*Asks:* 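The structure that follows is given in the form of structure tokens.
Lettering of chains follows the sequences in order, A, B, ..., and the numbering in each one begins at 1. In this text, all values refer to a predicted model and were calculated from it rather than measured experimentally.
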Amino acid sequence: MANGFVHWGDKQALMLINQSHKAGESLTHALRSLTDVFGYIDERAITPLMQTFALSRAEILGVTSYYDDFRDTPPARHVIRLCQAEACQAVGGRELSTHLFAKTGLALGEAAKNGQVALEAVYCLGLCANGPAGQIDDKPAVHLDAAILDAKLAELDQ
Amino acid sequence: MNAQVFIPADTLAIALGADEIAAGFAAEAKARRQDIEIIRTGSRGLCWAEPLVEVNTPKGRVAYGNIAPGDVAGLFEAGILNGGTHKTCLGPVDDMPYLKTQLRFIFKNCGLYDPCDIDAYLSHGGFAGARAALAQKPENIVDEVEASGLRGRGGAGFPAAIKWRTVLGASAEQKYIVCNADEGDSGTFADRLIMEGDPFRLIEGMLIAGLAAGADKGVIYLRSEYPLARKVLEKAIAVAEQQNWLGADIQGSGKAFEISVFFGAGSYVCGEETALLESLEGKRGIVRSKPPIPALEGLNGQPTVINNVITLCAVPDILVKGGAWHAMLGVGRSTGTMTFQLAGDVKYGGLIEVPFGLSLSELIYGFGGGTRSGLAVKAVQVGGPLGAYLPPEQFDTPMDYEAFAAIGAGIGHGGIVVFNENTNMRALARYAFAFCAHESCGKCTPCRIGSMRGKELLAADHPDLELVHDLCEVMVEGSACAMGAMTPIPVQSAIAHFPDEFGTRTAQAAE
């Protein structure tokens with residue numbers, strides 16, 4: 001996949017869950033390794049997680065729903081993340097999300113219907129002296145402006 | 001000797017094209033049949049000059065700032081390999097005022113060498129603190145840190161030695177050193193810079209903490225917004241293991257210490273130490289009630305030292321130079337240096353390591369040069385999303401814990417975000433509530449509900465400020481942790497210093 005993640009595979013997922021458990025790691029470690037590989041945690045992982053960690057379904061979902069990174073659906077092919085925190089607000093970060101909304105009709109946290117591009121909010125990437133900052137797929141981006149984002153959108157929407 | 005070219009490889013430099021620049025240097029040198037050695041380093045923290053390329057010359061290292069990939073051919077024409085003149089040349093890096101006026105010990109080696117080159121670290125005095133610690137009794141290490149007056153750099157400013165001594169005194173099967181690398185405050189990047197630029201320093205600090213507290217396991221809780229820091233740390237840990245600075249018998253001392261990295265999952269409140277522990281244990285990152293304190297019942301119920309990255313990185317020099325040396329730096333009970341970070345609308349943003357006691361205006365105008373936009377400064381926020389908004393009238397406040405507490409503010413992790421005259425302070429106050437509502441772990445009502453109600457109240461055309469202040473009082477007094485208890489600080493400081501922006505009936509009547 002374009003976003004660097006592999007398609008969900010039950011066998012591989014089970015292997016990752018077992019690896020974490022055998023290493024004496026906790027549930028969040030297992031969820032992290034699934035997310036690192038697949039970009040999300042498929043519903044089909046819940047039962048093996050319950051059995052391996054001796055937890056209820058509610059306990060597992062309680063954890064997955066708590067953290068922003070633990071998605072339950074595959075991520076879009078491309079993700080544009082825009083920093084919404086104070087240091088980027090100070091240099092016009094908010095205006096960029098407004099611009100993208102006007103341009104795409106997508107609010108932060110939404111994905112285009114064709115699954116090509118999603119917009120996400122992020123709260124600080126540690127690039128605060130060079131904002132507005134963001135991340136386009138896995139690449140950090142600084143000194144963002146409307147023209148850069150428009151060009152990126154056009155490129156990613158191929 | 002081949003000409004050496006140093007090009008940073010931290011997240012910021014990469015965002016600004018450092019990888020392309022490095023490739024450009026390699027290609028240009030090959031085309032010109034010149035032998036060069038390209039060394040990818042950490043960042044010096046001069047964010048305004050990145051990508052900052054340096055070359056080794058007889059005069060020392062000469063810096064070239066704000067290099068773009070397209071500049072490379074021109075730089076070769078100008079004789080960069082011999083320190084030649086070029087419009088981007090900033091002169092010998094050690095003579096740059098921005099660096100020369102700092103007093104760096106935590107960051108002294110950051111940017112000098114390949115972050116995972118352990119020989120370079122050793123040749124710059126690396127692991128001397130750990131060697132000293134290996135030769136001492138645990139009590140003596142703690143005494144030294146106590147004498148240094150070192151306080152936690154994560155935000156709370158709690159004396160590090162008290163935590164260490166408590167864990168040392170506890171008897172348990174397993175003790176832990178947990179490094180809090182969940183640097184979530186907007187306007188802060190010191191942890192990122194040091195983890196990406198000089199990771200062995202953190203490893204050494206954790207090892208010393210382990211020797212002092214009697215812990216043989218360390219965990220770095222790293223936020224997921226820092227993927228490059230994860231790669232660098234994991235590589236550096238592997239190198240340290242190969243070189244026997246981590247493992248079962250460190251340098252033949254019979255002492256053991258190991259470190260693992262846990263990559264977080266996107267939750268600001270996990271920077272709170274007990275929420276962080278819950279998260280490590282596999283649960284929702286919800287704050288615990290204290291007591292019991294983590295030093296007695298921390299990770300997996302075992303005694304645990306939890307320190308911020310910069311706190312731990314300050315430790316190696318304390319062991320080498322002594323606690324008294326560290327205690328002489330700074331003012332009053334704020335000893336040592338603080339790694340301030342200038343961000344937002346500022347001309348020369350970056351990392352500034354100086355002893356406590358400098359004034360805010362020396363940082364904002366002296367180092368920062370005012371705003372990048374050229375507009376007047378309206379306010380700064382010091383110490384992240386839970387820090388106060390301060391107007392220019394307060395810029396002569398010295399940067400130390402006590403002076404800041406006296407004006408109802410805090411230094412936090414040392415982040416300073418500059419806002420220009422066009423800033424809408426009410427929007428920022430409302431954002432403080434909104435951020436708290438988004439990140440609240442939900443355990444206590446004042447934080448969970450209070451933040452939501454505050455966000456609603458400040459959306460009104462004429463917000464009922466009396467109600468806002470009541471709500472803030474409940475949050476301050478009733479919240480379980482700093483998230484709820486400190487969110488009122490940015491809100492109420494914005495109201496106090498910029499009252500006419502809050503559309504109150506009184507302000508309207510006065511118009």
*Asks:* Given heavy-atom pairs under 4.5 angstrom as the criterion, report whether the side chain, backbone, both or neither of Cys270(B) touches chain A.
*Replies:* side chain
*Asks:* Quick one: of Gly349(B), Ala343(B), Gly415(B), who has the most non-hydrogen atom pairs under 4.5 Å with chain A?
*Replies:* Ala343(B)
*Asks:* So, Lys139(A) and Asp19(B), do they make that salt bridge, N to O below 4.0 Å?
*Replies:* no
*Asks:* Is chain A contacted by the side chain of Leu342(B), its backbone, both, or neither, given a heavy-atom distance below 4.5 Å?
*Replies:* backbone
*Asks:* Can you say whether Val269(B) sits under 4.5 Å from chain A via the side chain, the backbone, both, or neither, judging by heavy atoms?
*Replies:* side chain
*Asks:* Can you tell which part of Gln381(B) gets under 4.5 Å to a heavy atom of chain A, answering side chain, backbone, both or neither?
*Replies:* side chain
*Asks:* For Tyr67(A) and Ser279(B), test the side chains for any donor-to-acceptor distance below 3.5 angstrom and give the result as yes or no.
*Replies:* yes
*Asks:* Are there residues of residues 106-115 of chain A whose heavy atoms fall under 4.5 Å of chain B's heavy atoms? If so, which?
*Replies:* none
*Asks:* Output the option from Ala265(B), Ser224(B), Ser260(B) having the highest count of non-hydrogen pairs under 4.5 Å with chain A.
*Replies:* Ala265(B)
*Asks:* Tell me, side chain or backbone of Asp185(B) under 4.5 Å from chain A's heavy atoms, or both, or neither?
*Replies:* backbone
*Asks:* Go through the atoms of Asp345(B) and report whether side chain, backbone, both or neither lie under 4.5 Å from a heavy atom of chain A.
*Replies:* both
*Asks:* Below 3.5 Å, can you tabulate the donor-acceptor pairs from side chains in residues 427-440 of chain B to any protein atom, sequence neighbours excluded?
*Replies:*
from      : atom 1 : to        : atom 2 : distance (Å)
Arg430(B) : NE     : Lys455(B) : O      : 2.9
Glu439(B) : OE1    : Tyr268(B) : N      : 2.9
Ser440(B) : OG     : Gly442(B) : N      : 3.2

*Asks:* When you measure from the side chain of Arg192(B) to the backbone of Gly126(A), do you find a donor-acceptor pair of N or O atoms at a distance under 3.5 Å?
*Replies:* yes
*Asks:* Measure distances from Ile286(B) to the heavy atoms of chain A and classify the residue's part below 4.5 Å as side chain, backbone, both or neither.
*Replies:* both
*Asks:* Answer yes or no: is there a donor N or O on one side and an acceptor on the other, between the side chain of Ser186(B) and the main chain of Cys124(A), under 3.5 Å?
*Replies:* no
*Asks:* OG1/Thr28(A) to CZ/Phe262(B) distance, rounded to the nearest 0.5 angstrom?
*Replies:* 4.0 Å
*Asks:* What part of Thr11(B) gets within 4.5 angstrom of chain A, counting heavy atoms only: side chain, backbone, both, or neither?
*Replies:* both
*Asks:* Which atoms of Tyr226(B) are under 4.5 Å from chain A, going by heavy atoms: the side chain, the backbone, both sets, or neither?
*Replies:* side chain
